[in-house]
Amino acid sequence: MILTDNMKGALIMALSMALFTLNDVFMKSLAGEVSLYQILTLRNGAVTLVLLALAARTGAFRRGLSRRDAGLAVIRGLAEVATAYFFLNALFNMPLANVTAVLQSAPLVVMVAAAIFLNEPVGWRRASAVAAGFVGVLLIVRPGPEGFNIFAIYTLIAVGCITVRDIVTRKLSREAPTFLVTAITSGLVCVAFGLYSVNVEWVALTPVSGGLILGAVVVIVGAYICSVQAMRVGEVSFVSPFRYTALLWALLLGFVVFGDFPAPLTLLGAAIVVGSGLYSFYRELQVTRRAAVPSTRP
């Protein structure tokens with residue numbers, strides 16, 4: 001089977017979501033022991049150093065970034081900082097299901113933005129698959145009307161920031177080193193939350209909490225790199241809906257690590273999400289095969 005750029009991007013996005021979800025497991029395990037802002041400062045500080053070392057080892061500094069790519073990388077980093085700020089504020093003040101439901105509108109918003117700003121073709125089959133995936137998401141989180149307030153707007157702002165981040169990532173030139181772009185993003189997150197954590201009491205790390213943060217550093221490095229590569233390899237409108245796979249990883253890891261057994265409606269929603277992703281992948285494969293068959297017309 002020949003993998004198109006879209007297929008590669010989808011697989012990389014699914015891997016990215018798996019790594020991000022594993023990072024969430026580490027973060028959740030630290031709840032109540034270390035403040036979130038201390039965790040993010042330490043985690044992203046270490047991540048930035050790792051990415052800078054990888055950038056140096058791969059010659060990214062020699063290649064550097066053009067003025068255009070440097071500007072886009074900074075915009076991408078600021079969008080990541082804003083996403084974290086608005087999402088975390090909403091998460092601290094709203095039911096998790098409500099926040100998750102609103103946030104999962106991101107693939108739809110990104111798909112529309114890609115059609116408008118990147119002139120990517122979005123056929124009715126692709127749009128239908130994304131919409132079906134969103135229905136599956138709603139079945140999984142089953143949001144209720146309670147708790148929607150100003151912080152719901154914060155979540156919508158986070159969706160907007162995710163959209164900006166992904167569109168900007170796609171606009172980066174192919175020559176822009178991924179490690180360098182990712183290091184800028186991680187560095188800006190570290191600085192922003194480091195400044196905020198000045199007002200938060202820091203605690204000494206135990207071997208367990210230190211190990212969990214180290215685990216988060218390892219997986220988030222891979223997650224950051226994959227998230228950049230996914231947006232740069234395939235079409236944004238095709239790759240972005242595979243963010244839904246994060247919910248599947250959350251269901252699996254939630255059961256394995258925390259013993260949360262999913263309800264029947266949750267399993268049905270997960271099946272719909274998987275089906276929409278497999279259908280999108282199948283459609284891409286069919287289109288690729290048809291394109292590879294030479295025309296027999298005279």
Taking atom OH as the centre, does Y196 end up with more than 12 heavy-atom neighbours from other residues, nucleotides or ligands that are less than 6.0 angstrom away? no

Which heavy atom in T48 sits nearest to a heavy atom in S186, and how many Å separate them? OG1-OG, 2.9 Å

I'd like to know whether W202 forms a side-chain contact (heavy atoms from CB on, under 4.5 Å) with T41, so could you lay out the CA-CA distance, the side-chain angles of the two residues, the decisive distance to 0.1 Å, and finally the verdict. CA-CA 11 Å; W202 282 46; T41 302; 4.0 Å; yes

Following the transitive rule for hydrophobic clusters with a side-chain heavy-atom cut-off under 4.5 Å over Ile, Leu, Val, Met, Phe, Trp and Tyr, establish whether L212 and I39 coincide in one cluster. yes

Using every non-hydrogen atom in the two residues, find where I272 and A132 come nearest and quote the distance to one decimal. CG2-O, 3.2 Å

Under a plain distance cut-off of 3.5 Å, with no hydrogens placed, do T206 and S209 share a side-chain donor-acceptor pair? yes

Gap between atom CZ of F86 and atom CG of L156 - 0.5 Å precision: 11.5 Å

Group every Ile, Leu, Val, Met, Phe, Trp and Tyr by side-chain heavy-atom contacts under 4.5 Å, then state whether F193 and L49 land in the same group. no

For a side-chain contact (heavy atoms from CB on, under 4.5 Å) check, start with the C-alpha distance between R243 and M13, then their side-chain angles and the critical distance, and finish with the verdict. CA-CA 7 Å; R243 292 183 188 283; M13 176 60 77; 4.0 Å; yes

Are V221 and L19 close enough, and set up right, to give a side-chain contact (heavy atoms from CB on, under 4.5 Å), and what steps lead you there? CA-CA 9 Å; V221 167; L19 294 173; over 6 Å; no

Within-4.5 Å side-chain heavy-atom neighbours: I225 and F179: yes

Are L72 and V74 co-members of a hydrophobic cluster defined by side-chain heavy atoms under 4.5 Å apart? yes

Going hydrophobic residue to hydrophobic residue with side-chain gaps under 4.5 angstrom, can you get from V25 over to V218? no

What's the shortest heavy-atom distance between N23 and A216, and which atoms? OD1-CB, 3.4 Å

If you measure from CG on L205 to CG on L214, what distance do you get to the nearest 0.5 Å? 11.0 Å

Compute whether any side-chain donor of one residue and acceptor of the other, for Y224 and N44, lie under 3.5 angstrom apart. yes

Side-chain heavy-atom pair F26, V219 within 4.5 angstrom cut-off: yes

Roughly how far, to the nearest 0.5 Å, is CG of D24 from CE of M27? 7.5 Å

Within-4.5 Å side-chain heavy-atom neighbours: P177 and L65: yes

Rounded to the nearest 0.5 Å, what's the gap from OG1 on T163 to CZ on F117? Could you check? 9.5 Å

Do you know the tightest heavy-atom contact between S16 and C226? CB-CB, 3.6 Å

Quick one: do V191 and L40 end up in the same hydrophobic cluster if we chain Ile, Leu, Val, Met, Phe, Trp and Tyr together by side-chain heavy atoms under 4.5 Å apart? no

Any donor-acceptor pair under 3.5 Å linking the side chain of R76 with the backbone of I167? no

Mind checking who shares a hydrophobic cluster with V233, ILVMFWY linked at side-chain heavy-atom distances under 4.5 Å? I12

Do R165 and M231 pass the side-chain contact (heavy atoms from CB on, under 4.5 Å) test, and can you show the C-alpha distance, the side-chain angles, and the key distance before you say yes or no? CA-CA 10 Å; R165 183 194 65 193; M231 288 295 103; over 6 Å; no

Taking R232 for its side chain and S227 for its backbone only, find out whether a donor-acceptor pair lies under 3.5 Å. no

Quick check: closest heavy atoms across T169 and V228, and the distance to 0.1 Å? CG2-O, 3.8 Å

Taking every heavy atom of A176 against every heavy atom of V181, the minimum-distance pair comes out as CB-CG2, 4.3 Å

Ignoring hydrogens and angles, state whether a donor on the side chain of T178 or Q229 is under 3.5 Å from an acceptor on the partner side chain. yes

Sub-3.5 Å donor-acceptor pair from the side chain of R43 to the main-chain atoms of C190, do we have one? no

Between the side chain of N6 and the main-chain N/O of E235, is any donor-acceptor distance below 3.5 Å? yes

Taking Q38 for the side chain and V203 for the main chain, is one N or O donor matched with an acceptor at less than 3.5 Å? yes

Hey, could you give me the CG/CG distance between L180 and L54, rounded to the nearest 0.5 Å? 11.5 Å

Drop me the distance from S35's OG to L42's CG, to the nearest 0.5 angstrom. 8.5 Å

